[in-house]
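Reading through the structure tokens given below for one structure.
All values below come from the heavy atoms of this structure, side chains included, with hydrogens, waters and symmetry mates left out.
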Amino acid sequence: MKTGVIEDHINAKLPSKRRIASSSGNAPTPGGSGGGNDDGADNYRDRNDFKDLGPEEDDQNRDKARVITWFLLIIVLMTFGGLIGAYVVIATNNVAEWKPFNLPFPIWISTGLILISSVVYHFAKTAVDAERHIDARKYLIATTVIGGVFIASQMIAWMALSSAGLYVEGNPYAGFFYILTGVHAVHVLGGIVALGAILLRVWNDTEFAPELEYRRNLARSVGYYWHFMGVLWLALVALLGFWK
């Protein structure tokens with residue numbers, strides 16, 4: 001009597017698919033027939049149903065990563081669109097304070113680095129898609145290191161300008177150089193954080209299909225951001241170097 005009350009209480013708290021089989025003979029028995037076989041088939045289907053929750057959750061996470069990435073790209077595009085627009089307006093007004101200068105040599109090193117990083121990341125994404133975990137880790141580490149060196153080269157360029165007496169004050173062109181390259185470096189730093197997230201995700205090998213699918217989609221979303229940073233840098237170099 002007490003056992004039946006306890007089971008009824010537990011059944012009331014659980015979803016219908018997880019009802020506890022009563023002790024009245026409906027429990028599955030190996031090789032049994034009748035009600036036992038039916039209940040065993042139900043339990044088998046229940047286990048498969050709960051396994052199916054993984055891919056559904058993965059689809060939601062995948063959609064979130066994609067939406068967040070495109071949202072960030074729109075914000076980045078609007079930010080730099082406003083800065084570039086202000087640059088063009090001031091550059092075409094021929095103000096006396098506008099004094100362009102030749103880009104420091106580290107800028108060209110930065111350009112080569114960010115182009116190489118895009119190529120290396122492409123290899124990383126290809127390895128993630130092909131489930132070559134060791135290669136993916138190597139290429140992701142290389143991309144992260146190159147991104148860090150890119151930011152270091154920016155700092156060297158800023159120090160070179162500072163040593164030459166070129167500061168934000170007194171020269172709008174110098175001010176835009178510092179602002180545009182500085183804001184871009186901050187966004188590249190955010191990309192490096194995203195690379196670290198993927199690297200941690202692929203650090204351990206797995207054959208779990210939903211996890212592999214999540215890794216592929218995450219690598220794709222971060223790739224959109226990283227390659228966009230490369231294209232944006234080329235646009236900034238063209239603007240600062242050839243539209244003065």
If you measure from [atom1] on [X] to [atom2] on [Y], what distance do you get to the nearest 0.5 Å?
| X | Y | atom1 | atom2 | value |
| --- | --- | --- | --- | --- |
| Phe80 | Leu77 | CZ | CG | 10.0 Å |
| Leu195 | Tyr139 | CG | OH | 15.5 Å |
| Asp135 | Leu140 | CG | CG | 10.5 Å |

* Would you call Asp205 and Arg137 a salt bridge, taking side-chain N to carboxylate O under 4.0 Å as the test? -> yes
* Asked: Charged N to carboxylate O below 4.0 Å: is that the case for Glu211 and Arg201?
  -> yes
* Check the pair Ser117, Trp226 against side-chain hydrogen bond (donor to acceptor under 3.5 Å, both in side chains), reporting the backbone distance first and the verdict last. => CA-CA 9 Å; Ser117 71; Trp226 192 258; 3.1 Å; yes
Measuring only between side-chain heavy atoms, which start at C-beta, is [X] closer than 4.5 Å to [Y]?
| X | Y | value |
| --- | --- | --- |
| Met229 | Phe150 | no |
| Leu200 | Trp203 | no |
| Arg66 | Arg220 | yes |
| Leu236 | Ile84 | yes |
| Leu115 | Trp233 | no |
| Val222 | Lys125 | no |
| Val168 | Phe177 | no |
| Gln154 | Ser110 | yes |

* To do: State which residue, out of Thr143, Val149, Ile146, fulfils the side-chain contact (heavy atoms from CB on, under 4.5 Å) condition with Ile116.
  => Ile146
* To do: Please work out whether the ring planes of Tyr121 and His227 are parallel, tilted or perpendicular, with thresholds of 30° and 60°.
  => perpendicular
* To do: Fit a plane to each ring of Trp98 and Tyr87, take the angle between them on a 0 to 90° scale, and name the class: parallel (under 30°), tilted (30 to 60°) or perpendicular (over 60°).
  => perpendicular
* To do: Give the C-alpha distance, both sets of side-chain angles, the deciding distance and a yes or no for ring pair (Phe, Tyr, Trp, His ring centres under 6.0 Å) between His187 and Phe228.
  => CA-CA 10 Å; His187 286 85; Phe228 183 81; 9.3 Å; no
* Asked: Do Ser221 and Trp70 have side-chain atoms, one donor and one acceptor, less than 3.5 Å apart?
  -> no
* Asked: Are Ile156 and Ile151 grouped together when hydrophobic residues (ILVMFWY) are joined by side-chain heavy atoms under 4.5 angstrom apart?
  -> no
* To do: For Phe123, look at atom CZ and say whether over 12 heavy atoms of other residues, nucleotides or ligands are found less than 6.0 Å away.
  => no
* Asked: Within a reach of under 6.0 Å around CZ of Phe105, are more than 12 heavy atoms found that belong to other residues, nucleotides or ligands?
  -> no
